[in-house]
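A short worksheet on the structure shown next.
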2 protein chains.
Amino acid sequence: MLRRFNHAGDLMRRYRVRTATPREAPLTAGIRDVALWAGVSVGTVSNVLNRPEAVSPATRERVQTAIAALGFVRNESARHLRAGRSRTIGLVVLDIANPFFTDVARGVEDVAAAAGLAVMLCNSDDRADREAAHLDVLTEQRVQGVLITPTAELSPHVEALRSRGTPVVLLDRRATGPGQCAVAVDDALGGRLAADHLLERGHRRIAFIGSSGLPQVHERHDGVAAAVREGAGFEDALTVFSPAHLTVAGGREAAAQIIGLPAGRRPTAAVCANDLTALGVLQEMVRHGVRVPEDFAIVGYDDIDFAAAAAVPLTSVRKPRVELGRRAAELLLDEASDPDHQHSQPVFEPTLVVRESSMVRRPSRAVVSGGIG
Amino acid sequence: MLRRFNHAGDLMRRYRVRTATPREAPLTAGIRDVALWAGVSVGTVSNVLNRPEAVSPATRERVQTAIAALGFVRNESARHLRAGRSRTIGLVVLDIANPFFTDVARGVEDVAAAAGLAVMLCNSDDRADREAAHLDVLTEQRVQGVLITPTAELSPHVEALRSRGTPVVLLDRRATGPGQCAVAVDDALGGRLAADHLLERGHRRIAFIGSSGLPQVHERHDGVAAAVREGAGFEDALTVFSPAHLTVAGGREAAAQIIGLPAGRRPTAAVCANDLTALGVLQEMVRHGVRVPEDFAIVGYDDIDFAAAAAVPLTSVRKPRVELGRRAAELLLDEASDPDHQHSQPVFEPTLVVRESSMVRRPSRAVVSGGIG
DNA sequence: CGGCGTGGTTGAAACGTCTCAACACTCGGC
DNA sequence: GCCGAGTGTTGAGACGTTTCAACCACGCCG
């Protein structure tokens with residue numbers, strides 16, 4: 001109870017001595033200094049920080065005063081060196097500039113913050129080398145777990161992480177096996193929703209615009225194709241256009257091709273693999289005097305913010321982005337803390353957000369001519 | 001030189017024993033295990049990791065084999081508990097969904113990665129409480145420094161960080177005093193560039209669209225006003241519209257007002273405080289059959305990606321975003337490592353990116369009528 | 001008055017790494 | 001055969017925290 005040390009001047013002096021050798025120490029008070037100032041042991045200070053109810057009110061208050069006076073802030077490194085694991089999770093995304101991922105990140109952060117964890121947000125830029133570098137850093141930091149939209153199916157770095165006991169949850173990807181958690185979106189359903197919507201509006205010649213390299217896009221195409229097959233009832237109702245890239249430029253390219261077709265074979269609507277592509281299609285149509293949606297209806301995919309803000313607001317398939325992030329983070333936290341965690345691989349259902357770009361019902365004339373063509 | 005310990009089985013057995021008490025240890029090999037396996041001391045292993053040239057090739061190779069065999073990965077927490085500072089910097093941005101910040105982040109990350117540092121990207125969402133929470137975490141992590149676009153002029157949390165010796169660099173903000181680094185953009189010049197461009201094309205009645213709450217927007221307005229005063233030579237050549245928010249909706253609102261004006265007093269062009277606003281103006285004009293740029297020219301600000309992808313590609317004032325991030329990170333690193341660091345407050349110059357939305361030269365008739373009006 | 005439980009506090013050990021003074025060995029030169 | 005100068009290697013601390021067995025003082029019960 002004897003206070004051997006009780007004002008800041010002493011602390012300063014003590015530090016002057018202690019830091020004689022290193023050129024310029026940042027004068028950071030540690031738990032030890034707090035203990036000295038408050039006249040208690042370090043154990044008690046630690047208790048105040050971690051189990052305040054176990055400390056008598058008087059002592060607690062004295063320690064808290066000391067903490068405030070010295071501007072003490074816990075040292076995470078020390079904390080989690082001791083604990084063996086850090087209070088951080090990693091999130092590795094393909095493209096931080098894509099609004100989709102920023103929303104996912106928001107969901108992740110909500111859950112993490114609620115659990116008192118920090119998130120390290122990393123951008124792989126769809127490059128395997130950057131992804132690997134980020135995973136290395138995360139491993140060194142001993143993160144509690146990693147959420148990742150991987151660049152390739154199976155990265156050895158991901159496997160390495162798993163093999164040392166760090167949970168990894170795949171984001172917006174189907175699991176490659178049962179021994180992992182993964183959150184995904186039912187893209188076949190998304191494609192079907194978009195196609196059904198157009199069929200219902202009377203469209204009978206529909207374009208699908210999207211290169212089929214990515215599994216996700218492939219799934220979307222299959223959904224569209226199945227719906228068209230059932231709904232329109234004949235094969236050539238669906239035409240596929242595959243621009244080089246799923247960008248605005250790619251959309252323009254595809255739209256130019258569509259405009260070039262003879263009127264009798266020209267689709268009256270398009271499902272695009274992506275909103276950027278849809279925006280490109282929209283621009284090119286408007287430029288050539290094709291009215292949207294009167295002459296040509298467009299449905300995008302992803303429902304990015306700019307879809308609603310386009311010259312003609314875009315109908316689009318929305319993935320539950322924030323929810324995707326939340327769920328993934330929850331699975332990760334469960335896997336990290338629950339010893340008998342069950343892997344799960346939820347698949348979210350997308351929804352169709354109808355806006356102006358597909359609002360008009362096709363006059364039945366078109367249906368007939370489509371039916372014959 | 002005697003190898004007391006040389007195959008993985010021994011390690012496993014040793015761990016079985018060591019981890020009897022904690023329920024399920026992740027079986028992570030430490031520097032000590034590597035030393036044991038390679039038959040050297042821990043000091044030597046550390047040397048292999050940090051000063052490989054100081055170790056004989058034979059030993060080095062043996063240690064490296066051990067590292068590979070055990071899958072050893074350094075523990076950052078321990079590393080930087082010892083070092084006193086971590087190999088991480090913090091980046092706190094206002095809105096991670098804004099493409100501007102993602103580009104800035106890219107610049108920051110380039111520089112940080114080159115210096116072997118990790119970046120903790122935090123999103124304050126323009127909320128002071130979230131900003132404070134993030135800064136607390138960064139403080140606990142003992143980051144080497146923080147780059148921040150602050151929500152308010154002077155946050156006590158920022159000051160606390162500075163007072164404990166952590167460098168803080170302001171991003172896209174003017175410094176509030178000489179004792180700090182800050183990277184900013186000359187927004188008055190940006191406004192002037194936009195206005196001069198329009199004046200040069202023959203416009204004599206110009207609108208500025210932007211609420212004047214933010215200092216940045218205010219600066220832009222002043223630049224526009226000065227240019228118009230000098231170039232057009234009379235006062236009412238500039239009309240200011242202040243929508244509630246700098247969003248697409250805000251732009252529409254302002255455009256509706258403009259369209260409502262009698263033709264004789266209606267501006268023929270607008271400088272918008274922001275690309276989102278400009279996109280809104282564009283949409284509303286197109287919707288009312290006002291041709292852009294023939295009847296009305298538009299210049300945006302920020303040059304976000306969607307500016308180029310708009311229905312009519314948007315002329316915009318571009319800030320050197322990636323460069324902004326790079327420079328800020330460089331200043332931070334210098335402040336963190338150079339003991340006699342000089343604070344600096346560079347101001348970047350924006351450039352005008354001319355696209356279709358302002359491409360047409362105003363017929364001289366308009367100039368005359370404008371001159372009289 | 002002795003024994004016992006209880007609420008509060010203590011101090012040392014441990015986490016995994018880096019640093020640094022000290023030591024060992026080798027090789028030339030004398 | 002001894003010395004000195006390298007060149008490699010070692011092992012003990014230290015970093016700041018948490019944990020935990022041990023301890024202390026106190027009041028209560030019998």
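Chain A is the first sequence line, chain B the second, and so forth, proteins listed ahead of strands; every chain is numbered from 1.
A donor-acceptor pair under 3.5 Å links the side-chain atoms of R62(B) to the main chain of A38(B), judged by distance alone. Checked by atom type and distance alone, the side chain of R51(B) never pairs as donor or acceptor with a backbone atom of V48(B) at under 3.5 Å. Side-chain N or O atoms of H134(A) include one that pairs as donor or acceptor with a backbone N or O of N123(A) at under 3.5 Å.
Atom-to-atom, CD of E53(B) to P of dT9(D) comes out at 13 Å; the value is rounded to the nearest Å. For the pair R85(A) CZ and dT17(D) C1', the interatomic distance rounds to 17 Å; values are reported in whole Å. With rounding to whole Å, L36(A) atom CG is found 14 Å from dT17(D) atom P. Spacing between atom CZ of R87(A) and atom C1' of dT17(D) amounts to 14 Å, rounded to whole angstrom units. In this structure, CZ of R60(A) is placed 13 Å from C1' of dG7(C), rounded to the nearest angstrom. Atoms CG (L81(A)) and C1' (dG16(C)) sit 5 Å apart, rounded to a whole Å. Whole-Å rounding puts the H80(A) NE2 to dA14(C) C1' distance at 16 Å.
Contact check on E109(B) versus R130(A) returns a salt bridge, with a Lys/Arg side-chain nitrogen under 4.0 Å from an Asp/Glu carboxylate oxygen. Using a cutoff of 4.0 Å between basic side-chain nitrogens and carboxylate oxygens, E159(A) and R164(A) are not scored as salt-bridged. Using a cut-off of 4.0 Å between Lys/Arg side-chain N and Asp/Glu carboxylate O, D125(B) and R127(B) are scored as not salt-bridged.
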Using nucleotides 23-25 of chain D, report all nitrogen or oxygen pairs with the protein that are shorter than 3.5 Å.
none

Is there any protein nitrogen or oxygen under 3.5 Å from a nitrogen or oxygen in nucleotides 17-22 of chain C, and what are the pairs?
from    : atom 1 : to     : atom 2 : distance (Å)
dT17(C) : OP1    : N75(B) : N      : 3.3
dT17(C) : OP2    : I31(B) : N      : 2.4
dC18(C) : OP1    : N50(B) : ND2    : 3.3
dC18(C) : OP1    : R79(B) : NH1    : 3.1
dC18(C) : OP2    : S46(B) : OG     : 3.2
dC18(C) : OP2    : N50(B) : ND2    : 3.4
dC18(C) : O2     : R82(B) : NH1    : 2.4
dT19(C) : O4'    : R82(B) : NH1    : 3.1

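The salt bridge (Lys or Arg N to Asp or Glu O under 4.0 Å) test applied to D338(A) returns no partner, not counting sequence neighbours.
No hydrogens or angles considered: a donor-acceptor pair under 3.5 Å links the side chains of T151(A) and E131(A). Counted by atom type alone, E61(B) and T65(B) present zero donor-acceptor pairs between their side chains at under 3.5 Å.
Within the nucleic acid shown, T59(B) comes within 4.0 Å of sugar-phosphate atoms alone, with no base atom in reach, counting heavy atoms only. Backbone-only engagement by S56(A) is indicated by non-hydrogen atom pairs under 4.0 Å involving sugar-phosphate atoms exclusively.
The phosphate of dG8(C) (OP1 or OP2) has no side-chain N or O of T44(A) nearer than 4.0 angstrom.
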